[in-house]
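Beneath this line is the structure, given in structure tokens, with notes to follow.
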Protein chains: 2
Amino acid sequence: MTCSLSSLCLPLSLNLEEIDKLDKIIKRRQALKKGDHLFRQGDNFESIYAVRSGSLKSYIMTNNGEEQITNLHLPSELVGLDSIDCKSYPISTKALETTSVCEIPYSNLQELYTKLPDLRSQIFSCMSKELRDDKQMMLLLSKKNAEEKVASLLANLSARFKRRGYSPYTFRLSMSRNEIGSYLGLAVETVSRVFTRFQSMDIIAVNGKEIHIANKNQLLKIADLNDYLVAIDKKSIAS
Amino acid sequence: MTCSLSSLCLPLSLNLEEIDKLDKIIKRRQALKKGDHLFRQGDNFESIYAVRSGSLKSYIMTNNGEEQITNLHLPSELVGLDSIDCKSYPISTKALETTSVCEIPYSNLQELYTKLPDLRSQIFSCMSKELRDDKQMMLLLSKKNAEEKVASLLANLSARFKRRGYSPYTFRLSMSRNEIGSYLGLAVETVSRVFTRFQSMDIIAVNGKEIHIANKNQLLKIADLNDYLVAIDKKSIAS
DNA sequence: AAAAGTAGTTGAGCTATATCAAGTTTTTGA
DNA sequence: TCAAAAACTTGATATAGCTCAACTACTTTT
């Protein structure tokens with residue numbers, strides 16, 4: 001019944017008693033089906049979540065009904081850190097496929113911060129990392145062209161899959177072309193065209209949502225507009 | 001010699017003894033001149049900072065030498081929250097004008113978290129807010145056009161000045177047109193043209209870096225692509 | 001106070017990507 | 001398993017904003 005958060009999402013050095021304290025507050029939620037909301041903008045904020053399996057997108061709706069995806073959440077990642085001082089969630093989060101999550105009621109988590117300083121540090125660390133990722137996303141959105149954006153996304157996904165023990169070369173996109181466009185600030189058609197172009201350049205092989213990275217170096221070269229974060233990705237997916 | 005952080009940057013309900021504990025770890029840094037770095041990407045991370053007066057920009061450099069501004073820091077705001085689990089700063093931060101800051105050595109701050117849970121919550125809250133601001137920035141960068149971007153920036157600055165007791169209608173931009181472009185993902189020329197257009201529409205009056213907002217409603221209307229954050233701004237600068 | 005540099009503005013033309021349109025493939029669900 | 005809908009692809013065209021260029025107005029230096 002434990003979520004094994006301690007090893008997967010929050011790699012902590014806790015003793016058994018401490019792990020037990022943490023596990024006690026964690027609830028297992030029923031699996032979400034594709035399209036189900038984990039929460040909607042405006043819902044009362046009570047909990048943060050850790051993704052166990054599947055994937056989620058967080059998004060804001062603009063007045064004219066367009067959706068801006070702000071996060072793609074994969075297993076072991078935390079959802080809702082941007083809400084912890086709000087009465088209600090400022091964004092919506094929905095499942096991209098069948099997805100299971102652990103629910104961590106935030107008031108309970110908060111009570112543990114004093115007793116478990118390592119846990120507290122870990123949450124600080126997750127938030128700080130999300131801030132860094134956001135800055136990279138801003139760079140991507142404002143300075144990269146369509147090819148660089150798509151290459152960056154694929155390199156980033158590859159690194160994240162690798163970190164969790166999956167192949168960095170072959171994986172399945174849980175986002176539609178439309179959602180990729182929304183995430184990267186591109187029209188669907190442009191995403192589609194870049195995929196076609198990358199295929200004809202033998203950089204990737206695409207079959208619907210299945211992606212195979214055929215030429216990692218070339219992909220990284222295209223993605224590589226800035227030194228810092230891509231350097232991390234490079235290490236992560238280096239053969 | 002105190003930074004009065006307790007009232008300005010971190011509105012806490014601490015008793016005198018607690019305030020004293022916090023003040024003890026805070027160092028006053030010598031004022032930075034325009035263009036001075038507070039820290040550079042790669043410098044050892046030791047401290048976060050609170051802006052006392054003036055303003056700073058945080059930025060990433062791309063491989064081809066372009067700079068992406070990721071934050072504009074005004075007085076009472078914290079700098080460096082995206083670095084707290086890093087050995088070295090992942091970005092650079094430099095003064096846009098003569099600027100004074102308080103230095104808060106992070107290891108000392110961390111030691112206070114257990115004794116002062118309110119302080120800890122306050123830092124969590126600042127990070128969470130920065131995450132929300134980042135998501136709004138992503139929306140701006142990927143969905144807004146040039147006019148909406150500039151209007152959003154002006155509305156946002158207006159709200160931030162108002163919150164600190166300054167006029168929400170007349171203020172001075174500390175960023176150059178070039179920096180505004182870098183921040184908003186626009187070319188300098190486009191920023192300049194939008195300023196000219198807004199002037200001819202009598203929405204603002206511009207004199208170099210001095211801005212006067214002449215038609216707040218119109219400005220908000222143009223900025224207003226999404227409900228959530230602009231709603232906050234609206235309240236803040238509503239006459 | 002002149003000179004030299006830097007920042008800002010304005011215009012003209014170009015280009016990357018959006019938009020529109022039409023077709024194809026995949027998914028869904030009755 | 002077939003029909004309808006949704007997702008994806010490809011082509012043609014439009015356009016917002018970029019780039020290049022020239023000019024003007026500040027700032028800084030000496």
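Fair warning: this is a prediction, and the values are worked out from it, not measured in the lab. Just so we're on the same page: letters track the sequence lines, and every chain starts at 1.
Contact annotation: A:Ser176 does not reach the phosphate of D:dA6 (side-chain N/O to OP1 or OP2, under 4.0 Å).
Rounded to 10°, the helix from C:dA1-D:dT30 to C:dA30-D:dT1 has 60° between the axis fitted to its first five pairs and the one fitted to its last five.
Nearer to the 5' terminus of DNA chain D, by closest-nucleotide assignment, is the contact made by B:Glu147 (compared with the other of B:Lys34 and B:Glu147). Mapping A:Val191 and B:Asn178 onto DNA chain C by nearest heavy atom places B:Asn178 at the nucleotide closer to the 5' end.
Note: CZ (B:Arg197) to C1' (D:dG17) measures 10 Å, nearest angstrom. In this structure, NZ of B:Lys209 is placed 5 Å from P of C:dG8, rounded to the nearest angstrom. Per the geometry, CD belonging to A:Glu179 stands 15 Å off P belonging to D:dA6, to the nearest Å. B:Asn64 places its CG atom 11 Å from the P atom of D:dT19, with the value rounded to the nearest Å. For B:Asn207 and D:dT24, the CG to P distance is 19 Å, given to the nearest whole Å. In this structure, CD of B:Gln199 is placed 14 Å from P of C:dG8, rounded to the nearest angstrom. When the P atom of D:dT27 is taken as reference, atom NZ of B:Lys33 falls 19 Å away, rounded to whole Å. The distance from atom CE of A:Met175 to atom C1' of D:dA6 is 18 Å, rounded to the nearest whole Å.
Considering every non-hydrogen atom in both B:Tyr183 and B:Met175, the closest pair reads CD2-CE, 4.0 Å. What you find for A:Glu77 and A:Leu72 is that their closest heavy atoms are OE1-O, 3.6 Å. B:Ser182 approaches B:Glu67 most closely through the heavy-atom pair OG-O, 2.7 Å. Of all heavy-atom pairs spanning A:Ile69 and A:Tyr59, the tightest one is CA-CB, 3.9 Å.
Across all strands shown, A:Gly181 has no heavy atoms under 4.0 Å from either base or sugar-phosphate atoms. Using a 4.0 Å heavy-atom cutoff across all strands shown, A:Lys149 reaches no nucleic acid atom at all.
The side chain of A:Ser192 lies closest to D:dT9 when the candidates are D:dT9, D:dC8, D:dG17. Closest approach to the A:Thr190 side chain among C:dT17, C:dT10, D:dC8 is made by C:dT17 (side chain taken as heavy atoms from C-beta onward).
A:Asp133 places none of its side-chain heavy atoms less than 4.5 Å from the side chain of A:Leu131. Residues B:Lys34 and B:Thr98 fail the side-chain proximity criterion, which asks for heavy atoms closer than 4.5 Å.
You'll find a donor-acceptor pair under 3.5 Å spanning the side chain of B:Arg193 and the base of D:dT19, going by distance alone. Between the side chain of A:Glu189 and the base of C:dC20, a donor-acceptor pair under 3.5 Å is found.
B:Ser92 and B:Gln41 are not linked by any side-chain donor-acceptor pair at a separation below 3.5 angstrom, with hydrogens and angles left out of the test.
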